[in-house]
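A quick write-up on the structure given underneath.
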There are 2 protein chains.
Amino acid sequence: MKTYLECLPCFLRQALEACRFVTDDEAVHEAVMRETLLNVSKMDLSKTPPEMAYVIQRTIRRMTDNPDPYRHAKEASTRFALGLYPSLKARVDAADDPLEMATRFAVAGNVIDFGISAKMDEDYYMEIIERAARTPFDEAVFSEFRSKLQAARTILYLADNAGEVVFDRLLLDLLPHERIQYVVKSGPILNDATREDVTEAQMPASIHVIESGSDAQGTLLNHCSKEFVELFQQADLIIAKGQANFETLSGLPPRDLYFLLKVKCPMISRKLNAPMGDFIVRNLANMRKQEAE
Amino acid sequence: MKTYLECLPCFLRQALEACRFVTDDEAVHEAVMRETLLNVSKMDLSKTPPEMAYVIQRTIRRMTDNPDPYRHAKEASTRFALGLYPSLKARVDAADDPLEMATRFAVAGNVIDFGISAKMDEDYYMEIIERAARTPFDEAVFSEFRSKLQAARTILYLADNAGEVVFDRLLLDLLPHERIQYVVKSGPILNDATREDVTEAQMPASIHVIESGSDAQGTLLNHCSKEFVELFQQADLIIAKGQANFETLSGLPPRDLYFLLKVKCPMISRKLNAPMGDFIVRNLANMRKQEAE
């Protein structure tokens with residue numbers, strides 16, 4: 001997905017929220033904003049929004065001399081999610097369709113996103129989780145997702161944020177672990193999940209965790225390692241969590257790649273033809289077919 | 001009022017709305033955004049927000065080669081307001097306190113503001129006008145305003161937007177015209193009222209209309225004519241409509257200067273300690289006293 005002119009004010013809003021989250025030093029806030037304005041003014045709009053987010057986060061890290069400003073926030077969101085895990089797990093087990101309920105919770109977990117709002121609002125998170133529990137997916141769409149999951153011998157599961165990882169576990173619990181590679185970032189960026197976050201989320205040892213080779217949000221294949229790109233090309237099925245993965249992968253040729261996300265941005269809402277706040281399970285293969293029609 | 005870091009994304013949002021309002025040419029939209037990003041990156045934050053708005057509007061005018069892009073929109077909002085005038089006038093005449101009701105409508109008319117939203121939403125305007133009709137001002141505040149109006153021998157009334165001028169007439173109708181100078185911009189900027197708009201609003205000939213000498217939003221005294229600045233300094237009472245007048249005049253030393261506005265910006269909401277959407281009648285003299293306490 002290219003960068004829209006609507007994204008430009010949003011980069012500035014994100015930069016301000018992020019630098020205020022990271023430091024109280026107002027001189028740093030102003031310097032980050034000025035540098036971001038300058039960087040955005042020169043941006044190649046054919047690039048995806050996560051490429052600018054990467055530049056902004058690098059600016060903040062450099063100016064605050066803090067390589068992982070979201071460390072504590074990530075730990076807090078993992079603790080929050082771990083606290084919920086047993087009850088959510090029980091609800092999945094008791095559901096008429098456990099796989100569908102687990103998928104709903106995995107998508108709802110995408111609400112934990114410090115790129116959208118740099119604060120952790122547990123009441124809001126709970127509201128979204130309860131809404132997900134009440135909101136079934138379209139039957140035809142989900143039944144296709146179910147068959148693809150059953151048929152795939154290799155599944156690449158692209159993680160999004162720390163905390164959200166615990167919600168992913170609910171879905172992973174129901175899948176054959178030996179077929180799955182769970183992909184995290186190779187270094188910290190915002191509150192995106194790294195290997196450390198997956199360990200803290202108490203991921204079962206039977207899930208194979210790999211790194212993408214990149215520390216940018218989403219999946220910028222030209223930033224990723226050769227090994228990862230090969231796995232990416234060969235996987236039977238890809239599950240891509242969150243908006244940044246949609247922004248960076250929705251332009252690829254058709255293949256079985258499922259975007260699982262909560263719609264949090266008006267431009268993504270428009271592109272997916274789905275209302276803000278919607279819970280999305282969407283196959284890239286079908287999106288391309290619909291565009292061609 | 002200085003420019004806050006929160007204003008920076010908002011400048012970009014305003015620039016995008018404004019250039020889309022003025023032209024469909026997407027190359028112009030992008031060029032305006034890039035130039036605005038660059039200009040904002042170098043902005044002196046001790047300046048007021050209308051100074052950046054001025055730079056943005058000049059950029060749009062230059063790039064579209066259109067000296068008055070809001071001409072038709074201004075005419076439409078004046079027609080809309082003229083259509084309402086007879087019924088609002090009747091409600092003022094029938095009110096227990098006509099001066100208070102006329103002031104409510106004059107403040108509600110501040111809803112017509114293409115700097116906030118570059119579209120005319122008549123349903124929304126009507127909702128705000130009806131809300132104003134139901135919402136009395138604080139008695140102590142309004143009673144002071146009433147006495148100041150009665151006592152002042154010279155009143156400078158700083159207009160804000162076209163269309164809003166018709167709402168101002170409801171208040172002006174109840175004041176001694178010979179004591180009033182009604183001040184408009186010397187040239188077009190956004191949908192701010194100029195002499196032409198006042199004529200279209202059917203202002204009575206007994207109201208003396210003067211120009212500020214400036215075509216910037218609000219009242220930047222260093223942009224205004226020497227004649228205007230003298231009148232400004234000597235007036236017994238000043239009525240300043242709209243947020244831009246608050247942004248440009250709230251830093252002056254204490255004097256009887258009443259801000260009449262609808263709160264449409266979170267930073268002004270914070271500065272006035274008033275909720276978003278609130279209808280404000282506030283004397284600069286008292287604000288200064290409260291700050292000193």
Side-chain angles (χ1 to χ4, degrees), chain A residues 1-49 51-53 55-57 59-60 63-64 115-119 264-267 270 276, chain B residues 1-49 51-53 55-57 59-60 63-64 115-119 264-267 270 276:
Chain A
M1 184 177 123
K2 67 167 190 170
T3 295
Y4 294 89
L5 295 179
E6 280 85 348
C7 305
L8 310 188
C10 200
F11 289 139
L12 275 294
R13 190 193 53 70
Q14 283 178 38
L16 185 57
E17 275 219 22
C19 67
R20 283 188 173 158
F21 181 83
V22 172
T23 174
D24 291 332
D25 185 337
E26 292 182 11
V28 170
H29 302 163
E30 185 177 329
V32 166
M33 292 301 279
R34 287 192 192 277
E35 187 162 321
T36 300
L37 284 156
L38 207 57
N39 286 331
V40 176
S41 80
K42 295 179 289 196
M43 184 184 182
D44 173 357
L45 298 179
S46 69
K47 303 244 179 200
T48 65
E51 283 166 276
M52 182 46 65
V55 174
I56 293 169
Q57 292 301 320
T59 303
I60 293 173
M63 289 193 176
T64 59
I116 298 295
S117 171
K119 62 171 194 275
K264 299 171 240 178
C265 143
M267 302 318 292
R270 196 196 291 179
M276 289 290 284
Chain B
M1 185 176 122
K2 68 168 189 170
T3 295
Y4 293 90
L5 294 178
E6 281 84 350
C7 305
L8 310 188
C10 199
F11 289 140
L12 274 295
R13 189 192 53 68
Q14 283 178 38
L16 185 57
E17 275 219 22
C19 67
R20 284 189 173 157
F21 180 83
V22 172
T23 173
D24 291 331
D25 186 337
E26 293 182 10
V28 170
H29 301 163
E30 186 178 330
V32 166
M33 291 303 278
R34 287 192 192 277
E35 187 161 322
T36 299
L37 283 156
L38 208 58
N39 286 330
V40 176
S41 80
K42 295 178 290 195
M43 186 184 180
D44 173 357
L45 299 179
S46 69
K47 302 243 180 202
T48 64
E51 280 163 279
M52 181 48 63
V55 173
I56 293 170
Q57 293 300 321
T59 303
I60 294 173
M63 289 195 176
T64 58
I116 298 295
S117 172
K119 61 172 194 275
K264 299 172 239 179
C265 145
M267 302 318 293
R270 195 195 293 178
M276 289 288 285

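In what follows, chains are A, B, ... by sequence order, proteins preceding strands, each numbered from 1. What you are looking at is a predicted structure, and each value in this text was computed from that prediction instead of being measured.
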Pull every donor-acceptor pair under 3.5 angstrom between chain A and chain B and give the atom names with distances.
unit_1   : atom_1 : unit_2   : atom_2 : d
Glu6(A)  : OE1    : Arg20(B) : NH2    : 3.3
Glu6(A)  : OE2    : Arg20(B) : NH1    : 2.6
Glu6(A)  : OE2    : Arg20(B) : NH2    : 3.3
Arg20(A) : NH1    : Glu6(B)  : OE2    : 2.6
Arg20(A) : NH2    : Glu6(B)  : OE1    : 3.3
Arg20(A) : NH2    : Glu6(B)  : OE2    : 3.3
Arg34(A) : NH1    : Ser41(B) : O      : 2.9
Arg34(A) : NH1    : Met43(B) : O      : 2.8
Arg34(A) : NH2    : Met43(B) : O      : 2.7
Ser41(A) : O      : Arg34(B) : NH1    : 2.9
Met43(A) : O      : Arg34(B) : NH1    : 2.8
Met43(A) : O      : Arg34(B) : NH2    : 2.7

Worksheet, complete the sentence: Max heavy-atom pairs within cutoff under 4.5 Å with chain B, candidates Leu37(A), Leu45(A), Leu16(A), Leu8(A), goes to Leu37(A)
Discussion item. Counting heavy-atom pairs closer than 4.5 Å to chain A, which one of Leu38(B), Leu12(B), Leu5(B) comes out on top?
Written reply: Leu5(B)
